[in-house]
Amino acid sequence: LDVLEAMGVGIRVQEAKRTVSVNGAGEWSSSRPELDMRESGTSCRLLLGLLAARGLSVRVTGAPSLARRPMRRVLEPLRLMGACLKAKKKKGEEVLPIDILPSNLRGIDWTQKIPSAQVKSAVLLAGLFAQGPTRVYEPAPSRDHTERMLKAFGADISVSKGEIVLRSCALRSPGSIEVPADISSAAFFLVLGAIIPGSDILLRRVGVNPTRSGALHVLKRMGARITVTNQEDRFEPVADIRIRTSELKGTVIRGAEIPSLVDELPVLMVAAARAKGMTVIEGAQELRVKETDRIRSMVSNLAKLGVNVRVKSLKKTENILIRGSAIFRPARLKSFGDHRTAMSMMVASCATGGPCSLDDVSCVSKSFPEFVDILSHLFD
């Protein structure tokens, strides 16, 4: 919101009504030489696509945690479109800050090597202002929120069998959009409900987009007592989800499933740690390049809880092997400054036989400021 306001977009936030009103700006003009993306990788990568297309001269910066994250994967296709982007180079990777210079974009035919909704979205948003059609080919489906959004705004876009075709066009506002509750945030309470005796939790109007609901499928496969009701499909499909105490069993999470549940993997590792038997997570290496190295953070913490967990490194891929434990032992846990690691450890702590400590919970506010209060309320 801060960056868009700096571009001249009119924004009004009404906290009491839980609404954000946006008045689009036909032309963008930056009121600042630097745009701070703070800790938001999604904002950074998506806005790189828009900013590169708007004839601006700006520098994109971010918090130290974001400045460590790889950006070459999004810069390369934008450069193929003609974008002039100069990034800092570090250890063979390109990272923030990134300088954007005025350029004229052209549509491209581009195949994603690694499924990434953020990169795909950056290319599509840039394609709105490019000459000629932009075609994106996906080897495996990634989150399709952007495609759905563009259709809702009247974009000239078609999607079929791993191919997305977009042509430059003017957009029109659909007027009102309901943003569903986030399945990534809901996943913490789904796992909590599954592993804590006597649980019965109802989560209302959660987004159940098929490209995002991998965690639901995995938990059901593990034996979770999940019921999905009141499903609607407007801008995005939403439903109520009920979870009750479950007897979980180990499973195999295949690499092809990872794009639909990558943000839920940390808390799914907690579920695996409480399940009977072995769980194998294949192709988990993408967790290395999140806000922190989530393989390191989760393996370290689970080991402290007494869980049998190890990482098996293969050619260009990493598998995580977790043998479930009936009991977690009390431990001093670390968040590693990562919101999903911290929330996963709080869920795990609820299943221990004694007190646990966590070094930092402030990072939770990045994605779920109300998490601690809601968690406390459930145990009142």
Side-chain angles (χ1 to χ4, degrees), residues 1-75 77-79 81-90 94-106 118-119 121-131 134 145-146 149-150 152-155 166 168-177 179 291 365-367 369:
L1 292 177
D2 184 54
V3 168
L4 290 174
E5 284 185 310
M7 294 291 102
V9 179
I11 293 172
R12 183 186 178 199
V13 179
Q14 294 176 284
E15 295 280 1
K17 294 183 178 180
R18 301 180 67 85
T19 63
V20 178
S21 301
V22 180
N23 291 315
E27 296 295 328
W28 284 10
S29 58
S30 177
S31 61
R32 305 178 204 153
E34 290 193 356
L35 301 173
D36 185 0
M37 301 293 176
R38 303 181 188 175
E39 294 186 275
S40 179
T42 304
S43 298
C44 182
R45 292 185 175 121
L46 269 62
L47 285 172
L48 280 173
L50 280 175
L51 293 167
R54 304 308 295 265
L56 301 168
S57 294
V58 291
R59 168 170 281 198
V60 174
T61 63
S65 62
L66 182 58
R68 291 191 295 268
R69 298 180 68 177
M71 293 293 163
R72 177 173 291 158
R73 63 175 66 179
V74 66
L75 297 178
L78 292 176
R79 285 171 178 150
M81 299 179 79
C84 187
L85 303 163
K86 297 181 179 179
K88 178 181 177 181
K89 292 181 171 60
K90 185 176 182 181
E94 291 187 279
V95 296
L96 296 179
I98 296 170
D99 290 314
I100 300 174
L101 300 175
S103 52
N104 295 316
L105 303 190
R106 57 185 177 274
Q118 292 183 359
V119 179
S121 298
V123 172
L124 292 175
L125 293 173
L128 287 172
F129 305 93
Q131 293 183 348
T134 296
H145 300 303
T146 299
M149 178 196 70
L150 289 171
F153 278 80
L166 174 73
S168 176
C169 62
L171 302 183
R172 62 179 183 274
S173 171
S176 179
I177 288 175
V179 181
E291 284 84 338
S365 63
K366 176 174 179 178
S367 65

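R68 has its side chain out of reach of E291: every pair of non-hydrogen atoms, C-beta onward, lies at least 4.5 Å apart. Residues L47 and L4 meet the side-chain proximity criterion, which asks for heavy atoms closer than 4.5 Å. Using a 4.5 Å heavy-atom cutoff, the side chains of R12 and T19 are not in contact. Contact annotation: the side chain of S40 never approaches that of L66 to less than 4.5 Å [non-hydrogen atoms, C-beta and beyond]. The shortest side-chain heavy-atom distance between W28 and V58 does not fall under the 4.5 Å cut-off. Counting heavy atoms from C-beta outward, I100 and S57 have side chains that stay 4.5 Å or more apart. Residues L35 and L51 have side chains in contact (heavy-atom distance under 4.5 Å, counting atoms from C-beta outward). For the pair D36 and D2, the minimum side-chain heavy-atom distance is 4.5 Å or more.
N23 and V9 make their closest contact through O-CG1, 3.6 Å (heavy atoms, listed as atom of the first residue, atom of the second, distance). Across every non-hydrogen atom of S103 and C84, the tightest pair is OG-N, 3.5 Å. Here the closest non-hydrogen pair linking A122 and L78 is O-CD2, 3.9 Å. Scanning all heavy atoms of the two residues, the minimum distance from L56 to S29 falls at CD2-CA, 4.1 Å. Here the closest heavy-atom approach between residue S168 and residue F129 is recorded as OG-CA, 4.2 Å. Summarising the geometry of C169 relative to G154, their closest heavy-atom pair is SG-O, 4.3 Å, with the distance given to 0.1 Å.
Environment of CZ in R172: sparse, with no more than 12 heavy atoms of neighbouring residues, nucleotides or ligands closer than 6.0 Å. With a 6.0 Å radius and a threshold of 12 heavy atoms from other residues, nucleotides or ligands, E27 has its CD atom at or below the threshold.
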Please report the C-alpha distance between E94 and R69 in whole Å, then the side-chain angles of each, then the deciding distance to 0.1 Å, and finally whether the salt bridge (Lys or Arg N to Asp or Glu O under 4.0 Å) criterion is met.
CA-CA 9 Å; E94 291 187 279; R69 298 180 68 177; over 6 Å; no
Walk me through whether T134 and L105 qualify under side chain to side chain contact (heavy atoms under 4.5 Å, CB included).
CA-CA 10 Å; T134 296; L105 303 190; over 6 Å; no
Please test L124 against L166 for side chain to side chain contact (heavy atoms under 4.5 Å, CB included), starting from the C-alpha separation and ending with a verdict.
CA-CA 7 Å; L124 292 175; L166 174 73; 4.2 Å; yes
Could you walk me through whether V95 and R72 pass side chain to side chain contact (heavy atoms under 4.5 Å, CB included), step by step?
CA-CA 7 Å; V95 296; R72 177 173 291 158; over 6 Å; no
Report the C-alpha distance between E34 and V60 in whole Å, list the side-chain angles of each, state the deciding distance to 0.1 Å, and finish with yes or no for side chain to side chain contact (heavy atoms under 4.5 Å, CB included).
CA-CA 6 Å; E34 290 193 356; V60 174; over 6 Å; no
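A distance of 13.5 Å separates NZ of K86 from CG of L75, quoted to the nearest 0.5 Å. The line from OG of S43 to CG of L48 is 10.5 Å long, rounded to the nearest 0.5 Å. If you take CD1 on I98 and CZ on R45, they are separated by 9.0 Å, rounding to the nearest 0.5 Å. Here NZ of K90 is found 11.0 Å from CG of L96. Values are rounded to the nearest 0.5 Å. A distance of 8.0 Å separates CG in L101 from CG in L85, rounded to the nearest 0.5 Å. Here CZ of R32 is found 10.0 Å from OG1 of T61. Values are rounded to the nearest 0.5 Å.
In this structure V20 satisfies the side-chain contact (heavy atoms from CB on, under 4.5 Å) test together with L1, I11, V13, V22, sequence neighbours excluded.
Considering E39, R38, M71 in turn, M71 is the only one that fulfils the side-chain contact (heavy atoms from CB on, under 4.5 Å) rule with C44.
Residue pairs meeting the salt bridge (Lys or Arg N to Asp or Glu O under 4.0 Å) criterion with at least one partner in residues 53-62, sequence neighbours excluded, are R59-D99.
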